[in-house]
Amino acid sequence: MKEQQPILLSPAYKDYLWGGTKLKIEWGKETDLEILAESWELSAHKDGQSVVKTGAFAGCTLSAYIEKNGKESLGTKAEGMDYFPILIKLIDAKKDLSVQVHPEDAYALENEGEYGKTEMWYILDCEEGASLYYGFSKDVTKAEYREAIENNTLTEILNQVPVHPGDVFFIPAGTVHAIGAGILICEIQQNSNTTYRVYDYNRKDKDGNTRPLHIEKAIAVSDLKKSPELPVIPDGEMVTLAECEYFAVRRIRVKEEKELEISKQSFHSLIVTEGSGTLLMDGESLTFTKGDSIWIPAQDGGYTIQGKCELILSALD
Ligand code: ZN
């Protein structure tokens with residue numbers, strides 16, 4: 001049996017120590033975990049899978065759904081891939097995250113046995129004065145980089161950027177980055193969990209231990225050039241936020257109704273970031289609200305969004 005209709009997914013939850021409670025209080029995430037740092041809204045990664053919530057495959061993990069419903073659900077763009085292409089998370093950083101970098105595919109495959117990670121952030125919410133680190137504030141040499149790490153002065157040469165809701169950061173593999181305290185983001189990334197931690201503010205856990213750093217690997221993969229200018233995201237009903245070989249991400253704002261097209265090339269993932277509404281497709285309807293994650297299998301066709309809402313549409317094309 002093949003299922004073509006849109007479905008809702010339930011996320012996997014992560015209670016990392018730096019997380020907050022906004023995803024539970026403001027985003028409708030139901031869990032017994034006290035802290036909720038991340039919800040993995042579209043994930044077939046072994047470290048935390050989304051689970052199908054509606055339709056014939058309710059209760060299946062996303063990878064079981066793909067297996068049962070056929071790889072065509074992913075679309076022709078994913079045909080040659082032997083893994084699920086992307087991972088989408090909501091992240092609530094109550095505290096600063098460590099400064100980190102992800103490798104490119106070639107380095108990651110050789111050293112970690114999985115793909116590298118290019119990612120993007122869409123800022124959903126932030127506290128007054130919140131900021132993050134995005135690459136370097138100037139070109140640096142390997143020697144300068146190493147010295148700054150050793151002297152605990154790395155943040156002095158990083159590009160610190162104040163953030164606002166709606167800002168977009170495209171983070172190619174090799175970009176040194178850190179999410180700052182008080183920021184809530186939607187992260188779309190290559191499906192990989194390889195992270196090299198460069199600096200952790202000398203923090204210690206309750207037992208007095210620091211978290212491991214991966215300095216040599218980080219230095220090997222970091223891009224040492226001054227970080228690029230940030231894009232200005234225009235208003236509009238449908239705006240492209242990021243496009244690369246791994247994913248295309250668009251923001252959709254619906255006032256009453258919007259028609260969208262889908263093709264056999266790629267599935268659609270919709271993360272509801274504001275409001276609520278109904279998705280209509282082939283005589284079926286699916287109601288949704290802020291925080292929901294919707295999956296539509298690849299197929300030639302169209303669907304209609306009704307309501308007043310904002311959605312992040314991720315696809316491979
Ligand atoms: Zn990252």
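Whatever order the structure lists them in is the order used to number ligands and atoms, beginning at 1. This chain uses plain numbering: 1 for the first residue, then up along the sequence.
The aromatic rings of Y65 and F57 sit perpendicular to each other, their planes meeting at more than 60°, with 30° as the lower class boundary. The aromatic rings of Y115 and Y83 lie parallel to each other, their planes meeting at an angle below 30°, with 60° marking the opposite boundary. Between F267 and W295, the two ring planes are parallel [angle under 30°; tilted spans 30° to 60°].
At a cut-off of 3.5 Å, with distance as the only test, a side-chain donor of Q49 or S63 sits close to an acceptor on the other residue.
Each protein N, O or S atom less than 2.8 Å from the Zn ion (ligand 1) was counted, giving 3.
In the hydrophobic clustering of ILVMFWY residues, with side-chain heavy atoms under 4.5 Å counting as a link, L42 and I188 come out together.
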Inset, instruction - Take K29 and E41 through the salt bridge (charged side-chain N to carboxylate O under 4.0 Å, His left out) test and state the conclusion after the steps. - result: CA-CA 11 Å; K29 302 298 164 192; E41 300 290 340; 2.8 Å; yes
